[in-house]
Amino acid sequence: MAQVRNKQVILSNYVSGFPKESDMEIVETTITLKLPQYSNEVLLKNLYLSCDPYMRNLMDKPEGAPNPLSYTPGSPLGGYGVSKVLESGHPDYKKGDLVWGFTKWEEYSLAPSAQIHFKIEHFDVPLTYYTGILGRAGITAYGGFFEMGSPKKGENVFVSAASGAVGQLVGQFAKLTGCYVVGSAGTKDKVDLLKSKFGFDGGFNYKEEPDLDAALKRHFPEGIDIYFENVGGKTLDAVLLNMKLRGRIAVCGMISQYNLSQHEDVSNLAQIIYKRIRMEGFNATDFYPLYPKFLEFVLPHIREGKIVYVEDIAEGLGNGPAALVGLFSGRNVGKQVLVVARE
Ligand code: NAP
């Protein structure tokens, strides 16, 4: 069996502070497209990769107990993606299956079968959706909003990073539930998108608000029932002052803190006591058991055009470093996808 080229995006050095394109490098290696004998692994052709903020955390030099997913300089990045099975040593998968799960930033990967999360079974929607709305971002928004947020019709919902992969879905789920929903985002165009495309009731550009507390009071004169937290820092501090009694904060992410060696102080935490706020963090994987139920809910809405999804597509592994770094300056509009190959 001949060897073929296997282009990869590797980590050049551990990262501190904001990641740069030069922290990564494109290299060409080779791979034999044949499973080793008696292997129960799966040989994958990677098609679409998901660019995710958590990937920055895996670029840190490990301290203390190592995270098994952490990147090593000289090795390819790992991340979620949509792949085609070329050969399988595991009975659950066969040649030609399309799957989504944890793979590597390279053209072909030899992956343990446990890293495949789901076999793709619905093909009447774009395959790229399995990096976003039908992948990790989707189950995150669904579990985070419905399970952590326990929303009720008529409640007030605030979402930060609202035009992004997760945020745009939370806003739409909130509208479908009959909530009043406002989002924050980092440009005027993104704020316009919240209202014109995703049906939010309002939005503001957090970079142009000198006083976030005042901005929230303007949009939520009666306070916030549910805050879907994506950014942390100053936004969280201002939100805490505006929560209603027995409000819920679903802590999905804190992207404003990922590149800081020392996290910003949040000074209004005592509001959690005074307002009896329930604030809870979660990981997308917590909600994987709900994935079939989630698909039953979301697929009809996509097909009927009642839920839309905006993607930002970068072409080719060579554009991977820029696409990933761009998440931290807000360059992406919607879900950042990286195309490795189209089927
Ligand atoms: P995304 O929103 O599509 O992209 C990241 C966005 O964050 C950027 O476009 C930018 O938008 C915003 N941002 C960047 N730096 C910021 C800063 N300093 N302050 C405020 N906003 C900033 O990404 P995503 O995949 O949907 O992720 C959103 C959040 O959810 C992240 O915190 C991520 O870590 C988290 N997450 C958690 C889980 C989980 O399992 N718990 C799963 C998925 C995602 P603007 O232009 O609006 O600033």
Side-chain angles (χ1 to χ4, degrees), residues 17-19 49-59 69 79-80 102 117 131-145 147-149 158-173 182-194 198 200 203-209 212 215 227-239 249-260 263-264 279-288 290-291 294 309-314 322-338:
F18 276 77
L49 295 171
S50 169
C51 298
D52 284 296
Y54 78 88
M55 294 172 71
R56 164 64 188 85
N57 301 332
L58 302 180
M59 295 175 161
L69 299 178
Y80 289 84
F102 202 78
H117 293 192
T131 66
I133 181 170
L134 298 177
R136 188 168 171 272
I139 193 71
T140 296
Y142 180 76
F145 181 64
E147 299 291 314
M148 302 279 110
F158 176 55
V159 189
S160 51
S163 69
V166 174
Q168 59 174 301
L169 292 174
V170 175
Q172 293 180 77
F173 295 165
V182 172
S184 62
T187 66
K188 179 184 179 306
D189 287 350
K190 288 185 181 182
V191 173
D192 289 346
L193 208 57
L194 297 184
F198 306 129
F200 283 60
F204 62 86
N205 179 350
Y206 68 94
K207 290 181 180 165
E208 290 188 344
E209 293 287 347
L212 289 173
Y227 172 42
F228 195 97
E229 164 69 301
N230 281 322
V231 304
K234 293 181 182 63
T235 303
L236 173 60
D237 228 1
V239 166
I249 302 183
V251 186
C252 175
M254 294 197 176
I255 193 170
S256 74
Q257 307 301 298
Y258 297 169
N259 300 310
L260 307 180
H263 287 187
E264 289 171 318
M279 185 168 173
E280 192 171 354
F282 61 89
N283 192 292
T285 50
D286 301 343
F287 304 119
Y288 278 6
L290 298 180
Y291 189 66
F294 165 62
Y309 201 57
V310 170
E311 300 178 307
D312 193 332
I313 308 268
L324 185 57
V325 166
L327 295 176
F328 299 95
S329 58
R331 204 181 82 161
N332 61 308
V333 180
K335 170 68 203 171
Q336 184 66 62
V337 182
L338 179 63

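Order of listing sets the numbers, starting from 1, for every ligand and every atom in it.
Within the 4.0 Å heavy-atom cutoff, Lys335 does not count among the residues contacting ligand 1. Remark: distances from the non-hydrogen atoms of Leu327 to ligand 1 include one below 4.0 Å.
For Phe328 and Phe18, the ring centers sit 6.0 Å or farther from each other. Between Phe145 and Phe228, the distance separating the two ring centers is not shorter than 6.0 angstrom.
At the shortest separation from atom 2 (O) of ligand 1 among protein heavy atoms lies Gly164 CA, 3.3 Å. Regarding atom 34 (O) of ligand 1, its nearest protein heavy-atom neighbour is Tyr258 OH, 2.7 Å. Cys252 O, 3.1 Å is the protein heavy atom nearest to atom 37 (C) of ligand 1. Regarding atom 43 (C) of ligand 1, its nearest protein heavy-atom neighbour is Arg136 NH1, 3.4 Å. For atom 9 (O) of ligand 1, the closest non-hydrogen atom on the protein side is Asn332 OD1, 2.5 Å. Ranking the protein heavy atoms by distance from atom 25 (O) of ligand 1 puts Pro53 CD, 3.5 Å first. Closest to atom 15 (N) of ligand 1, if we only count protein heavy atoms, is Phe328 O, 3.7 Å. The single protein non-hydrogen atom nearest to atom 21 (N) of ligand 1 is Tyr206 OH, 3.2 Å, given as residue, atom name and distance.
Each of the atoms 17 (C), 18 (N), 19 (N) of ligand 1 lies under 4.0 Å from some heavy atom of Ser256. Using a 4.0 Å cut-off to heavy atoms of Val231, the atoms of ligand 1 that qualify are 20 (C), 21 (N). Less than 4.0 angstrom separates some heavy atom of Ala185 from each of these atoms of ligand 1: 47 (O).
In terms of polar-atom proximity, Ser184 is not counted as a contact of ligand 1, lacking any N or O under 3.5 Å from an N or O of the ligand. Inclusion of Ala284 in the set of residues having an N or O under 3.5 Å from an N or O of ligand 1 is warranted. The N/O atoms of Asn230, backbone and side chain alike, include one that comes under 3.5 Å of an N/O atom in ligand 1. Geometrically, ligand 1 and Lys190 share a nitrogen or oxygen pair separated by less than 3.5 Å. For Gly186, a nitrogen or oxygen atom sits less than 3.5 Å from a nitrogen or oxygen atom of ligand 1, counting backbone and side chain alike. Here's the thing with Phe282: one of its N/O atoms is less than 3.5 angstrom from an N/O atom of ligand 1.
Nearest residue to atom 16 (C) of ligand 1 from Ile255, Val166, Leu260 is Ile255 (criterion: closest heavy atom). When the options Asn259, Thr140, Asp52, Asn283 are ranked by their closest heavy atom to atom 42 (C) of ligand 1, first place goes to Thr140.
No side-chain donor from either of Lys207 and Thr187 sits under 3.5 Å from a side-chain acceptor of the other.
Each of Phe102, Phe287, Tyr288 was checked for a ring-ring contact (aromatic ring centres under 6.0 Å, His included) with His117, and the lone residue meeting it is Tyr288.
Applying the side chain to side chain donor-acceptor pair (under 3.5 Å) test to Tyr227 and every residue at least two apart in sequence or in another chain returns Ser160, Glu229.
In this structure, Glu208 places its CD atom where only 12 or fewer heavy-atom neighbours from other residues, nucleotides or ligands lie under 6.0 Å away.
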